Amino acid sequence: MAKVLTSRKENYAQWYNDLVIKAGLAENSAVRGCMVIKPYGYAIWEKMQAELDRMFKETGHENAYFPLFIPKSFFSKEADHVEGFAKECAVVTHYRLKNKDDGQGVEVDPAAKLEEELIVRPTSETIIWNTYKNWIQSYRDLPILVNQWANVVRWEMRTRLFLRTAEFLWQEGHTAHATRKEAEEETRQMIDIYADFAQNYMALPVIQGHKSEGERFAGALDTLAIEALMQDGKALQAGTSHFLGQNFAKAFDVTFTDKTGKLDHVWATSWGVSTRLMGALIMGHSDDNGLVLPPKLAPHQVVIVPIYKNDEQYDTVCQKGEEIRKALLKKGISVKFDKRDTQKPGWKFAEYELKGVPIRLALGMRDIENGTIEVARRDTMKKEIMPVEGLPEKISALLDDIQEGIYNKALKFRDDNIRYVDTWDEFINTLENKGGFIMAHWDGTAETEERIQNETKASIRVIPIDSRQEEGKCIYTGKPSKQRVLFARAY
RNA sequence: CGGGGUGUAGCACAGUCCGGUUAGUGUGCCUGCUUUGGGAGCAGGAGGUCGCAGGUUCGAAUCCUGCCACCCCGACCA
């Protein structure tokens, strides 16, 4: 078989890029730094969206939509926020084009200069809090639990498909609460939902924790994140949930009257995940044959490939294949029956492996005579012949088994790659030779964190929520520390 | 914005140093026959402003000048 992909071990970045393109998920567009998400990639994203949206609604959230453009003045009201985003924003300065005087195309009409420039949203806190000001007067108006599915633009210098693109799709939740406690609980609840989604749907184990001060969201008092480990030993931030305190309420003058008649600023959170999750899904599970999709997110859980030598056999096999497809559908399994006579079976096998379809069924005359079918699972690449009798139940169970299997495989990889390190030499050595997550002591200062990052390119991914208190010494300065934090090189 | 590199068929590239038939290879595409239980074989075919502009020359993908675009490494990136 002709190798379509480079090997993971040879060149991980190249392998990833090839895979995204060849599996038909996405490609670079004519616009620098922007990505075209192709139908198959978008279908996976839609599955993710559907599950996340359900989880948000089950916890009382509602969807809404706010403008793409943010007046510059809104954006500058929160000092830390503007500091964090200013450098990477696209700015609209004019609202009209005109024909060139020489008739050769169009140019920006200088007469159409905007009084105030508009920023293409890199995130929506400012426009939303400007709006919330009008929505909130009393404690009776609270909480506001709103989510938005949208695109945002961050003008990154260097981009990679799904992991960092100039424009990307995401959801951003923006909530307003009467008390600090309630907002903090919301922050925590949402990171739990993200972790739940990552583990139970994406089959990717994650570590939850607080970001250090230096890595916090611009304008937040606390940032919670989930971090996943990719197969090349680098970390990927897969989702964040921010406790914003009263910063945005103060910046946008959002106050409410509480039960006792006292005026106070509203407490806020924001949280989001993006199409970057697609990158996590791809890098977390795939192998040299292509994608490996968890059954819960695969656009097609099963594909049926007919095998035949002539028209007569084609008809027979198609008829039986159709019966099987319907039986599986009845069981709630999503099935594609690839009846195309323009591609051959071997080609189809390779294609669906590249696309990560969890189960492939091959049906030929031999099977029809014996009342059997060939069942191949993508995660282990194992094939077996099964009776068609009782197939839906077996496939259903097999899908659960695959979902669990790929989670366990990723979990074992993750756990095998968490290392506890106590000295600087050991830290450097582990980073260089093994990669992965490193649990080590840190003196808690931003200065030390920055120095470690400058010297090693490793950053503090999170201060894990569940890590136990333990006396130790900072690996860099030797100063006392009470808790290990999670270091890694990251995407 | 610095350092390096590349522009030749839908895609990937050779040819450029040392100018010389009708610009080539792989892959993909189209047609036909044979195939079909792991990305088929053979035969035929279509497809090119050689990034753009100017110059040198009998003659330029190739040499010279200018411009443009893109890629990689930095800077940037909760």
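Naming convention: chains lettered A, B, ... in sequence-line order (proteins, then strands); numbering from 1 in each chain. None of these values were measured; they are calculated from a predicted model.
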How far does the C1' atom of C64(B) sit from the matching atom of C1(B), given to the nearest Å? 29 Å
Does Gln343(A) reach a base, just sugar-phosphate, or nothing at all? Heavy atoms under 4.0 Å. nothing
Scan every strand shown for a Watson-Crick or G-U wobble partner of A53(B), both distances under 3.5 Å, and answer none if you come up empty. U65(B)
Tell me whether Glu213(A) at atom CD has more than 12 heavy atoms from other residues, nucleotides or ligands lying less than 6.0 Å away. no
Taking pairing as Watson-Crick or G-U wobble with both contacts under 3.5 Å, can you name the mate of G2(B), or confirm there isn't one? C73(B)
Partner lookup for A9(B), please. Criteria are Watson-Crick or G-U wobble with both distances under 3.5 angstrom; report none if nothing qualifies. none
Does Lys409(A), at its NZ atom, have more than 12 non-hydrogen atoms belonging to other residues, nucleotides or ligands within less than 6.0 Å? no
Can you spot which of Val292(A), Ile359(A), Leu293(A) makes a side-chain contact (heavy atoms from CB on, under 4.5 Å) with Ile402(A)? Ile359(A)
Identity of whatever pairs with G47(B) - Watson-Crick or G-U, under 3.5 angstrom: none
How far does the C1' atom of G7(B) sit from the matching atom of G45(B), given to the nearest Å? 29 Å
Over all strands shown, is Arg461(A) touching base, sugar-phosphate only, or nothing at heavy-atom distances under 4.0 angstrom? nothing
Between G38(B), G39(B), G37(B), which nucleotide has the shortest distance from any of its atoms to the side chain of Glu353(A)? G38(B)
When the P atoms of G59(B) and G19(B) are considered, how many whole Å apart are they? 15 Å
Paired with C33(B): which nucleotide, if any, by Watson-Crick or G-U wobble criteria at under 3.5 Å for both distances? G41(B)
Gap separating the OG1 atom of Thr126(A) from the NZ atom of Lys72(A), nearest 0.5 angstrom: 13.5 Å
Using a heavy-atom cut-off of 4.0 Å across all strands, would you classify Gly84(A) as base, sugar-phosphate, or nothing? nothing
Glu125(A) side chain to His242(A) side chain, donor-acceptor N/O pair below 3.5 angstrom: no
P spacing across the pair U62(B) / U16(B), given as an integer number of angstrom: 12 Å
Pairwise P distance, U56(B) and A46(B) [rounded to whole Å]: 38 Å
Applying a 4.0 Å non-hydrogen cut-off, can you work out what Asp367(A) is touching in the nucleic acid: base, sugar-phosphate, or nothing? base
How far does the P atom of G38(B) sit from the matching atom of C52(B), given to the nearest Å? 47 Å
When the C1' atoms of G4(B) and G10(B) are considered, how many whole Å apart are they? 29 Å
Presence of donor-acceptor pair under 3.5 Å, side chain of Lys383(A) and base of G38(B): yes
Which base sits across from G20(B) as a Watson-Crick or G-U pair, both distances under 3.5 Å? C58(B)
